[in-house]
Engineer: 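Please see the structure below; I have some questions.
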Amino acid sequence: MVNTCYIPKTLEEALKIRKETGAVPLAGGTDLMVAYKRGVGITPVFPFPVMIITQLDELKGIKVEEDGTVVIGALTTSVEIAKDERVPYFVRLAASKMGAVSLRNTATIGGNIGNSSPKGDLPQPLILLDATVVLQSLDNTREMKVDDFIIKAKKNQLAEDEIIVAVRIPKPDYTYGYYRKIGTRRANAISKLTLSSIMKVENGVITDFRASSGAAGPKVARSREVEKMLIGKPIFELSSFIEEFVEAWDGVISPHAMPEFRRATTKNMLRHFLSVCADQPEPGIIE
Amino acid sequence: MSKIKFTLNGKVVFYEGDPLRRLVDVLREGFQLTGTKEGCGEGECGACSVLKNGKLVTSCIIPVGAIDGDDIVTIEGLRETPQGQCLVESFAEGGAVQCGFCIPGMVMAAQALLLVNPHPTEEDVRVAISGNICRCTGYDLIVESILLASRKGEGLW
């Protein structure tokens, strides 16, 4: 068997190849090269045409727009994201906990979203922050929330002629924030469970609340409906709503494997974050 | 078939063939550089670590078509340099090596660390080799040997 493989030199060339052949973009290769590996000394065989876009500089780098929106090129690596202080905290932290340093030097944000695994580390905080993906084809550019883009495990809305070119993260605005990744060890762990959450408090009232659960269902779980249970509530009454909220969030996640562990741990993490917030500490990240 | 040009241990080289061939296979079978080992084949164990443009990567999950124009350094290239010599001597002096299979990758990880952080703490070293698995040593002697290299090699990095 012989692979069909293209190595475009520019984004325009890549978009043409994508339109004409439907070749699958290989960004860092950390998922695709493992998925189709065959063994020592043997070249992987891909059952579809591939285009290696690793070196397209047009899709690399991070910039900040006037309103504070952070735009990350699809081929920006996890190391580059983790070390850039302009990137919102949750995304940097998630990037810094992916695999080990060699993987983080290779894996890209576009690849992590395109792979659309519910265990992917970056979609979870991106969905919390209402980040969007920019999808480009020869004829069109469109943008949609990462939450809408990922449909379920390994399924997303990328059209046959499109490439993920960038991720846009609106400037976050919160009083308290929380992020936790649970893996089997500190390095090289695929997430067993992740959670991030933010709360904004103004004049003693909760004006925004969000939570995002990763690896707890076929896709990252958010529920604006359940989040609304806390919005508008006075912070001094928060402690009396915690149990009701935590039970409602339990209905948002749908873990398939080890559901008891994932449900109990998600509840514990949310209880912890909310009970610390209820004490109204100084604004910041809650450990 | 594609033609890929890259720098390998300081020399410009060419590869002709399937661009989806893994870099580790190109190094070991194409260029006979067998110092780079393959352990897991999934980018998890670090045995196949090389430097790509000065950064640590696992060559088992990188297709050769992704490195056109890049600078690749393997253990064979590193050992010819004063930095590499210092690492080799420190690993020997520190008793870091048992079966040795992980060691080329460990040395590459140590080099990647020292290039950006010539005076690492023990914690820095442990983080830097956290993607490199060793089943013999329990890591302590490897960590100590890397710290030894950073002291002995003062001024090299």
Side-chain angles (χ1 to χ4, degrees), chain A residues 1-9 23-46 48-57 75 77-80 83 96-108 111 183 185-190, chain B residues 1-4 6 17-30 34 37-70 105 108-109 112-113 116 123-124 126-133:
Chain A
M1 282 195 283
V2 180
N3 286 311
T4 303
C5 181
Y6 306 90
I7 311 175
K9 298 280 185 216
V24 173
L26 183 151
T30 58
D31 287 312
L32 281 176
M33 291 297 285
V34 174
Y36 295 97
K37 76 166 181 142
R38 293 193 298 163
V40 176
I42 309 170
T43 301
V45 171
F46 293 79
F48 42 76
V50 173
M51 62 175 170
I52 299 174
I53 59 170
T54 315
Q55 295 187 311
L56 290 184
D57 288 339
L75 295 177
T77 64
S78 299
V79 161
E80 290 158 350
K83 75 178 180 197
S96 75
K97 289 174 182 287
M98 289 169 78
V101 61
S102 51
L103 181 117
R104 294 194 291 274
N105 276 328
T106 311
T108 68
R185 51 185 177 149
R186 266 163 70 198
N188 259 343
I190 290 175
Chain B
M1 287 284 279
S2 292
K3 195 166 184 182
I4 310 294
F6 61 104
D18 190 336
L20 288 165
R21 188 151 174 82
R22 306 177 312 161
L23 178 57
V24 66
D25 296 329
V26 172
L27 294 174
R28 288 181 57 85
E29 297 184 7
T34 52
K37 308 300 181 195
E38 176 169 355
C40 68
E42 300 188 350
E44 299 253 337
C45 78
C48 68
S49 298
V50 299
L51 297 186
K52 179 182 130 186
N53 302 329
K55 291 181 182 143
L56 193 71
V57 297
T58 44
S59 60
C60 71
I61 54 172
I62 292 185
V64 66
I67 62 156
D68 194 48
D70 285 345
M108 297 315 288
L113 168 69
V116 294
E123 179 65 14
D124 294 338
R126 289 191 184 273
V127 170
I129 63 165
S130 62
N132 294 72
I133 293 174

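Numbered from 1 within each chain, the chains take letters A, B, ... in sequence-line order. Just the heavy atoms: all of them, side chains too, but no hydrogens, waters or symmetry mates, feed the values below.
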Engineer: Give the minimum heavy-atom separation between Ile7(A) and Gly65(B), together with the two atoms involved.
Structural biologist: CD1-O, 3.7 Å

Engineer: Determine whether Lys9(A) and Asp68(B) satisfy the following criterion, side-chain contact (heavy atoms from CB on, under 4.5 Å), listing intermediate values before the conclusion.
Structural biologist: CA-CA 10 Å; Lys9(A) 298 280 185 216; Asp68(B) 194 48; 3.4 Å; yes

Engineer: Which atoms of Thr30(A) come close to chain B, meaning under 4.5 Å heavy atom to heavy atom: side chain ones, backbone ones, both, or neither?
Structural biologist: both

Engineer: Is it the backbone or the side chain of Glu42(B) that comes under 4.5 Å from a heavy atom of chain A, or both, or neither?
Structural biologist: both

Engineer: Just wondering, are more than 12 heavy atoms of other shown residues or ligands nearer than 6.0 Å to CD1 in Ile42(A)?
Structural biologist: yes

Engineer: For Glu38(B), which atoms come within 4.5 Å of any heavy atom of chain A: side chain, backbone, both, or neither?
Structural biologist: side chain

Engineer: Is the backbone of Gly41(A) close enough, under 3.5 Å, to the side chain of Arg21(B) for a donor and an acceptor to pair up by distance?
Structural biologist: yes

Engineer: Could you state the interatomic distance from CE (Met33(A)) to CZ (Arg22(B)), rounded to the nearest 0.5 Å?
Structural biologist: 7.0 Å

Engineer: Contact part of Ile67(B) toward chain A, heavy-atom cut-off under 4.5 Å: side chain, backbone, both or neither?
Structural biologist: backbone

Engineer: Counting heavy-atom pairs under 4.5 Å to chain B, which of Ile53(A), Val101(A), Val40(A), Leu103(A) comes out on top?
Structural biologist: Val40(A)

Engineer: How far apart are the closest heavy atoms of Ala100(A) and Gly131(B), and which atoms are they?
Structural biologist: CB-CA, 3.2 Å

Engineer: Which bit of Ala109(B) comes within less than 4.5 Å of chain A, counting heavy atoms only: side chain, backbone, both or neither?
Structural biologist: neither

Engineer: Based on non-hydrogen pairs under 4.5 Å, which of Ser130(B), Ala66(B), Ser49(B) is most in contact with chain A?
Structural biologist: Ala66(B)

Engineer: Can you tell me if Asn105(A) uses its side chain to pair, donor with acceptor, with the backbone of Leu56(B) under 3.5 Å?
Structural biologist: yes

Engineer: Locate the shortest heavy-atom distance separating Thr54(A) from Lys52(B); write the atom from each residue and the value.
Structural biologist: CG2-NZ, 4.4 Å

